[in-house]
Amino acid sequence: MENKNQISQNVNIFNREKVEISGVLEVLSSSDKEVYLKLDGAVACVTGDKMTITKLLPEEKLLSVSGVILGVVFKNKLQKKSLLKRVFK
């Protein structure tokens, strides 16, 4: 059953060179290999190489990342311990 207050999240990957994600509430961290995003009720990690954030529209909750896109992983809950380990490695 879908929560009516939940923000819609969509992922579009274009030729593994660009990814657009809607429903982004916050960029938690960013590097050329990983971008961590806070979504409504979830966290997403975009992995790749030579990645840069090319578009960030907070009012539209839209993010675009370009580079070599290897994958997008979603987790239901923010794991602070794991995230801090990755940020400060």
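Below, all heavy atoms of this structure are taken into account, side chains as well, without hydrogens, waters or symmetry copies.
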(request) Using modelled atom types only, decide if a donor and an acceptor are shared between the side chain of S30 and the backbone of V35 within a distance under 3.5 Å. (result) no

(message) Going by side chain to side chain donor-acceptor pair (under 3.5 Å), name the residues that satisfy it together with D49, two or more places apart in sequence or in a different chain.
(response) K33

(message) Under the criterion side-chain contact (heavy atoms from CB on, under 4.5 Å), I'd like the reasoning laid out for V24 against L39: C-alpha separation, chi angles, the key distance, then a yes or no.
(response) CA-CA 5 Å; V24 176; L39 307 171; 3.9 Å; yes

(message) How long is the straight-line distance from CZ of F74 back to CD1 of I21, given to the nearest 0.5 Å?
(response) 5.5 Å

(request) Only counting residues at least two apart or in another chain, list the ones meeting side chain to side chain donor-acceptor pair (under 3.5 Å) with E20. (result) K18

Donor-acceptor pairs under 3.5 angstrom involving side-chain atoms of residues 50-72: please list them, not counting sequence neighbours.
from: T54; atom 1: OG1; to: S64; atom 2: O; distance (Å): 3.3
from: T54; atom 1: OG1; to: S64; atom 2: OG; distance (Å): 3.2

(message) Checking E17 now: which residues fulfil side chain to side chain contact (heavy atoms under 4.5 Å, CB included) with it, not counting sequence neighbours?
(response) N15

(request) Mind jotting down which residue pairs meet the salt bridge (charged side-chain N to carboxylate O under 4.0 Å, His left out) criterion with at least one end in residues 64-73? Sequence neighbours excluded, please. (result) none

